[in-house]
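Written out below as structure tokens is the structure these notes cover.
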Amino acid sequence: MRKPYIAGNWKMNMKPSEGAAFAKALAKALEGTSTKVMIAPPFVTIPAVLEAVKGSSIIVAAQNMSDNLSGAYTGEVSALMLKDLGVTNVILGHSERRALYGESDQFINRKVVLALEQGMDVDLCIGETLSEREAGKLEEVLTRQVTEGLKGVSADQMKHITLAYEPVWAIGTGKTATPEDADAAHAFIRSLVAKLYTKGVAEELIIQYGGSVKASNAKALMSKEHIDGALVGGASLSVEQFLPIVQFDK
């Protein structure tokens, strides 16, 4: 059985003081919860959140990182800096990074390989736009993103990879793929990984769904065979909204 994994991506929200207060309240609310939980604050908020969740099982991740370890890269943050803070996880390839900042599959892959080399766990985001889905290119897009994104990643390193399927048209729009559509996409992704690696690697892989996940649809999504968790955006900014998603099985 794959253990449920719920992650909250705060995006460019939560100042350090706000993030610390939220994280402390969340950690208290989640005492005794067996579900794997991760939150990803903005870079400047990470230290305060790490301190606030100390002693809890909550994982604190970065939302992005550089494809270089150091150097003349103004405004960038490296894996070495994140590790020095105590960050063990990073989200890479988010659709907003791809669309707004032009991150290609190859560029994202360099980050994935570097993060793994530095001993970090990676949440790799993949997913199609509305135009790609309507053009019948869902499988083509997912095949490209998975194949290119995991290039150079060994079967053993796949233990440190989580894939997050986020249909771009469902992010921040209030629209959500039906549980059946989402599960079908997850099943296709799992079959791709089986071809790239082995069936065993694919069966162990955690695949999250991201795209307007909220308390009202979390249980239906999580009940599907191939959906192992969620990458939550807006609903992760409130303990009252995020907690029911984490505790979807109650």
Side-chain angles (χ1 to χ4, degrees), residues 1-10 23 26-40 49-50 53-62 86-94 112 115-116 119-127 146 149-150 153-166 177 179 182-194 196-211 213-215 217-233 235-236 239 241-250:
M1 291 291 290
R2 296 181 294 268
K3 184 178 180 179
Y5 183 11
I6 308 295
N9 177 17
W10 294 0
L26 181 65
K28 185 175 182 180
L30 290 178
E31 286 179 358
T33 300
S34 61
T35 299
K36 184 177 179 181
V37 179
M38 180 260 274
I39 50 178
V49 170
L50 281 168
V53 302
K54 192 175 290 184
S56 78
S57 61
I58 296 174
I59 299 165
V60 179
V87 175
T88 57
N89 293 57
V90 61
I91 297 172
L92 297 174
H94 191 279
V112 170
L116 292 171
M120 300 183 76
D121 286 355
V122 174
D123 207 322
L124 175 60
C125 302
I126 55 177
V146 171
L150 296 178
V153 177
S154 69
D156 189 56
Q157 287 177 316
M158 285 298 292
K159 298 172 185 174
H160 301 284
I161 294 282
T162 296
L163 292 183
Y165 168 63
E166 41 170 28
D183 192 52
H186 282 231
F188 178 73
I189 294 165
R190 204 175 297 284
S191 71
L192 276 176
V193 173
L196 289 172
Y197 297 95
T198 65
K199 185 177 180 181
V201 169
E203 286 301 315
E204 291 180 7
L205 177 69
I206 298 295
I207 308 177
Q208 300 167 320
Y209 173 76
V213 178
K214 41 192 178 289
N217 62 24
K219 188 170 185 176
L221 287 164
M222 293 293 292
S223 69
K224 294 302 179 182
E225 179 183 357
H226 296 283
I227 300 177
D228 309 312
L231 180 59
V232 185
S236 71
V239 174
Q241 293 183 56
F242 191 49
L243 192 60
I245 298 174
V246 175
Q247 299 176 332
F248 66 90
D249 55 349
K250 290 190 175 181

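Values below: every heavy atom of this structure, side chains too, minus hydrogens, waters and symmetry copies. Throughout, numbering of the chain's residues begins at 1 and tracks the sequence. In this text, all values refer to a predicted model and were calculated from it rather than measured experimentally.
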Exercise for the section: Anything under 30° is parallel, anything over 60° is perpendicular, the rest tilted; go ahead and classify Tyr209 against His186. Expected result: tilted
Handout entry: Side-chain heavy atoms of Ile161 within contact of Val112, under 4.5 Å
Key = yes
Problem - Heavy-atom closest pair, residues Val213 and Ala230 - result: CG1-CB, 4.0 Å
Practice task
Could you pull out the closest heavy-atom pair between Ala61 and Met38, with the gap in Å?
Solution key: CB-SD, 3.4 Å
Problem - Closest contact, heavy atoms only, Thr35 versus Pro4 - result: CG2-O, 3.6 Å
Practice task
Measure the OH-CD1 distance between Tyr5 and Ile207 for me, rounded to the nearest 0.5 Å.
Solution key: 14.0 Å
Practice task
Would you name the heavy atoms of Ala27 and Ser56 that are closest together and state the gap between them?
Solution key: CB-CB, 4.0 Å
Fill in the blank from the handout: For His226 and Ala187, the nearest pair of non-hydrogen atoms, with its separation, is CD2-CB, 3.5 Å
Exercise for the section: Rounded to the nearest 0.5 Å, what's the gap from OG on Ser34 to NZ on Lys3? Could you check? Expected result: 6.0 Å
Problem - With Lys199 via salt bridge (Lys or Arg N to Asp or Glu O under 4.0 Å) - residues at least two apart - result: none
Completion exercise
Value for CG (Leu116) from CG (Leu124), rounded to nearest 0.5 Å, stands at 9.5 Å
Exercise for the section: Please name all residues satisfying ring pair (Phe, Tyr, Trp, His ring centres under 6.0 Å) with Phe242, sequence neighbours left out, ordered by chain then number. Expected result: none
Problem - Arg2 and Leu205, any side-chain heavy atoms less than 4.5 Å apart - result: no
Handout entry: Heavy-atom check, side chain of Leu221 versus side chain of Lys224, under 4.5 Å
Key = no
Problem - side chain to side chain contact (heavy atoms under 4.5 Å, CB included) between Cys125 and Leu231, intermediate numbers included - result: CA-CA 9 Å; Cys125 302; Leu231 180 59; 3.7 Å; yes
Handout entry: Closest approach of Ala215 to Ile245 (non-hydrogen atoms, all atoms of both residues)
Key = N-CG1, 3.6 Å
Exercise for the section: Please name the residue in the list Asn9, Ile91, Val90 that meets the side chain to side chain contact (heavy atoms under 4.5 Å, CB included) test with Asp123. Expected result: Ile91
Problem - Residue pair Asp121 / His160, side-chain donor-acceptor N/O under 3.5 Å - result: yes
Handout entry: Salt bridge flag under 4.0 Å for residues Glu203 and Arg190
Key = no
Exercise for the section: Report the C-alpha distance between Asp249 and Met222 in whole Å, list the side-chain angles of each, state the deciding distance to 0.1 Å, and finish with yes or no for side chain to side chain contact (heavy atoms under 4.5 Å, CB included). Expected result: CA-CA 9 Å; Asp249 55 349; Met222 293 293 292; over 6 Å; no
Exercise for the section: Could you tell me the separation between the CE atom of Met158 and the CD atom of Glu204, rounded to the nearest 0.5 Å? Expected result: 10.0 Å
Practice task
Go through Trp10 and Val49 one step at a time and tell me if the side chain to side chain contact (heavy atoms under 4.5 Å, CB included) criterion holds.
Solution key: CA-CA 12 Å; Trp10 294 0; Val49 170; 3.8 Å; yes
Problem - Separation between CD1 of Ile58 and CG of Leu26, rounded to the nearest 0.5 Å - result: 4.0 Å
Problem - Nearest-0.5 Å distance that lies between atom CD1 in Ile6 and atom CD1 in Ile59 - result: 12.0 Å
